[in-house]
Amino acid sequence: MSVLVYTESEQGKFKKNALEVASYASAVAKMMGTTVTAIAFNTTEGESLGEYGVSKVMNVKDGSLETFNAGAFAASIAEAVKSTDAKVVILSSSTDTKYLAPLLAAKLSAGYAPNVVQAPDSTSPFMVKRTAFSNKGFAHTQIDTDIKIVGVSNNAFGAHENKTAISVEEISGAADAATNDTKSVEIDKVVGKATIADADIVVSAGRGMKGPENWGMIEELADILGAATACSKPVSDLGWRPHGEHVGQTGKPVASNLYIAIGISGAIQHLAGVSASKTKVVINNDPEAPFFKAADYGIVGDAFEVVPQLIEKLKDFKAQNG
Amino acid sequence: MKILVCISNVPDTTSKINFTDGDTKFDTNGVQFVINPNDEFGLTRAMWFKEKQGATVHIATVGGPTVEPTMRKALAIGADEAFRINTEPTDGFSVAQQLAEVVKNGGYDLVIGGRESIDYNGGMVPGILASLTNMNFINSCINLDIDGNNVTAFREIDGGKEKLSSSLPLVVGGQKGLVEESDLRIPNMRGIMMARKKSLSVLEPVDAIKATEDKKFDKPASKGQVKLADSVDQLIDLLHNEAKVI
């Protein structure tokens, strides 16, 4: 019996959340008195997981699985669960893992709890705390099945070093991987920029920016901070920014360390989407904007005056602080 | 083409969330219930297929009689027929099993559910349903076109989008983007009158595995008062020295 963790990678390199879920799996294994096995696909850096408490990596070496395929990945992970007799499976809560986790749950007849924000309350019974009601509340969810699947929220647990002796084994993809004829045709993705899902800092703007032509300064601010850009629902509805940047109850949830909201008044649906962020900063010319009640820090002022100043001052700050 | 849209009955997005019975149940007192927004995008896309490609659209909901006003709204928007599975929804796994029975008996080409409900946010019903019915599955779908048996879709990925090809029968976990917000429909009087005459069948539930149980709820800790900076310099200082986030 072991804990199995699925560590996501891209072009052979682990994503940031891989180290976080490995750390989470290590914490769960410690609670259960067992070890952690990781499954990865075509990674070139399996041994690095030894720094985060993983004692064995099953690296699926299969050229046909270079691109994410939910059905095929779920089939391979299910086989790894069986071969390691894993009772707990840990994954991230990325868009891809939220695609494959239900398929895996069905294959294993396993209960699945997504958006988990801390180590289990207990492992017998197995109880986890997860966000519910679109971040307006938390549920303490008991998983009652023999095999349990846990989706860890991004940035909720952090990566914790815990050096362990590690072995890496190369394996083949599952034989029944082609049960689903859904195939990737083309990926259109911004390369080299932080995404909302895993960014430490998110710079978000709303209708207060008055038009899409004014987004240059938002992107410049984000570049200086190494941040992802996001927007409020009205902005994506107006077509000023793509749907993928819409943060809120019906858009993306944000769980960054710093969320900067510029010209966003703070509708309840938007606040739900950002409440998991640790530090929230609001820049708005209306001191009565509801967002100020949910924020940690703020400046009451015109975004068109404050943001350019912030850009210049942050350039100086970065120059001095590296 | 025969389409089933799975509808979840959820608190309106503006609802304040409270819990009752020693924080073990969601407090429905004073809460307005609506069609889950992610399902509504799917329902509207299904209406598009009905009008442009001659599809038949059914809806299914798991729940007691209190969900019927939400189902009638979906019928008023244009769905042809409805099925209510007469049991309280508990976890996503058991809900998917109930819906799978409707899918198996109905011979649907396309099943659309929301990527997640905005209440319990389990996000697993469409995927488990696809597995239980041996149908293809696309999650977080933001664009869907069907030509004969061939499906072209886009799904959201972290940092962009992915174009996919697939075939029917297919289950879709849908969201905003399947249609634009401005395309969502408000039922008109004629639709409301017609909905009263449409079939809303009540089906008894099948035995299902309950895989998870929400034992207790709590709310985020209340925030302290916002600290307003007088200048950009002060804000940077606070973020660096106090919050330690830059």
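All heavy atoms count here, side chains included; hydrogens, waters and symmetry mates do not. A quick note: this is a predicted structure, and the numbers were derived from the prediction, not measured. In what follows, every chain begins at residue 1, and chains take the letters A, B, ... in the order their sequences are listed.
Side-chain rings of His240(B) and Phe317(A) approach one another, their centers coming within less than 6.0 Å.
There is no contact between Ala70(A) and chain B, counting heavy-atom distances below 4.5 Å. With a 4.5 angstrom heavy-atom cutoff, Ala295(A) touches chain B via backbone and side-chain atoms both. Contact annotation for Ile201(A): only side-chain heavy atoms (C-beta onward) come within less than 4.5 Å of a heavy atom of chain B. Contact annotation for Ser275(A): neither backbone nor side-chain heavy atoms come within less than 4.5 Å of a heavy atom of chain B. Heavy-atom distances place the side chain of Lys280(A), and not its backbone, under 4.5 Å from chain B. For Thr152(B), no part lies under 4.5 angstrom from a heavy atom of chain A. Of the two parts of Phe138(A), the backbone and the side chain both hold a non-hydrogen atom closer than 4.5 Å to a non-hydrogen atom of chain B. With a 4.5 angstrom heavy-atom cutoff, Leu239(B) touches chain A only via side-chain atoms. For chain A, no part of Ser182(B) is nearby; none of its heavy atoms comes within less than 4.5 Å. With a 4.5 angstrom heavy-atom cutoff, Ala267(A) does not touch chain B via any of its atoms. The part of Phe93(B) that comes within reach of chain A is its side chain, from C-beta onward, which places non-hydrogen atoms under 4.5 angstrom from that chain. Contacts of Leu314(A) with chain B are made by both backbone and side-chain atoms, with heavy-atom separations under 4.5 Å. Interface remark: Thr67(A) contributes side-chain atoms only to the contact with chain B (heavy atom separation under 4.5 Å).
Taking a cutoff of 4.0 Å between a charged side-chain nitrogen and a carboxylate oxygen, Lys176(B) and Asp237(A) qualify as a salt bridge. Using a 4.0 Å cut-off between charged nitrogen and carboxylate oxygen, Asp296(A) and Lys223(B) count as a salt-bridge pair. Under 4.0 Å is where a charged nitrogen must lie from a carboxylate oxygen, and between Arg130(A) and Asp214(B) at least one such pair does. Remark: Lys189(A) does not engage Glu162(B) in a salt bridge, criterion side-chain N to carboxylate O under 4.0 Å.
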>> Please determine whether salt bridge (charged side-chain N to carboxylate O under 4.0 Å, His left out) holds for the pair Asp158(B) and Lys98(A), giving the CA-CA distance in whole Å, both sets of side-chain angles, and the decisive distance to 0.1 Å.
In response: CA-CA 11 Å; Asp158(B) 292 335; Lys98(A) 284 186 170 177; over 6 Å; no
>> Could you go through Asn136(B) and Asp181(A), starting from their C-alpha distance and side-chain angles, then the distance that decides it, and tell me whether this counts as side-chain hydrogen bond (donor to acceptor under 3.5 Å, both in side chains)?
In response: CA-CA 7 Å; Asn136(B) 293 324; Asp181(A) 78 353; 2.6 Å; yes
>> Assess the residue pair Gln269(A) and Thr13(B) against the criterion (side-chain hydrogen bond (donor to acceptor under 3.5 Å, both in side chains)); give the C-alpha distance rounded to whole Å, side-chain angles, the decisive distance to 0.1 Å, and a yes or no.
In response: CA-CA 6 Å; Gln269(A) 297 94 334; Thr13(B) 58; 2.8 Å; yes
> Yes or no on side-chain hydrogen bond (donor to acceptor under 3.5 Å, both in side chains) for Glu213(B) and His140(A), after CA distance, side-chain angles and deciding distance?
Replying inline: CA-CA 8 Å; Glu213(B) 188 176 358; His140(A) 295 261; over 6 Å; no
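At distances below 3.5 Å, not a single donor-acceptor pair connects side-chain atoms of Asp188(A) with backbone N or O atoms of Lys161(B). Not one N or O on the side chain of Tyr112(A) forms a donor-acceptor pair closer than 3.5 Å with the backbone of Gly122(B).
Considering every non-hydrogen atom in both Asn115(A) and Asn121(B), the closest pair reads ND2-O, 3.7 Å. Scanning all heavy atoms of the two residues, the minimum distance from Ile299(A) to Leu228(B) falls at N-CD2, 4.4 Å. In this structure, Pro102(A) and Ile128(B) approach most closely via the heavy-atom pair O-CG1, 3.4 Å.
Counting only N and O atoms by type, the side chains of Lys136(A) and Ser15(B) include no donor and acceptor under 3.5 Å apart.
Here Ser184(A) is the residue among Gly244(A), Ser184(A), Ala272(A) with the most heavy-atom pairs under 4.5 Å with chain B. Among Gly160(B), Gly159(B), Gly173(B), Gly177(B), the residue with the largest count of heavy-atom pairs under 4.5 Å with chain A is Gly159(B).
The neighbour count for Lys315(A) NZ, taken as heavy atoms of other residues, nucleotides or ligands under 6.0 Å away, is above 12.
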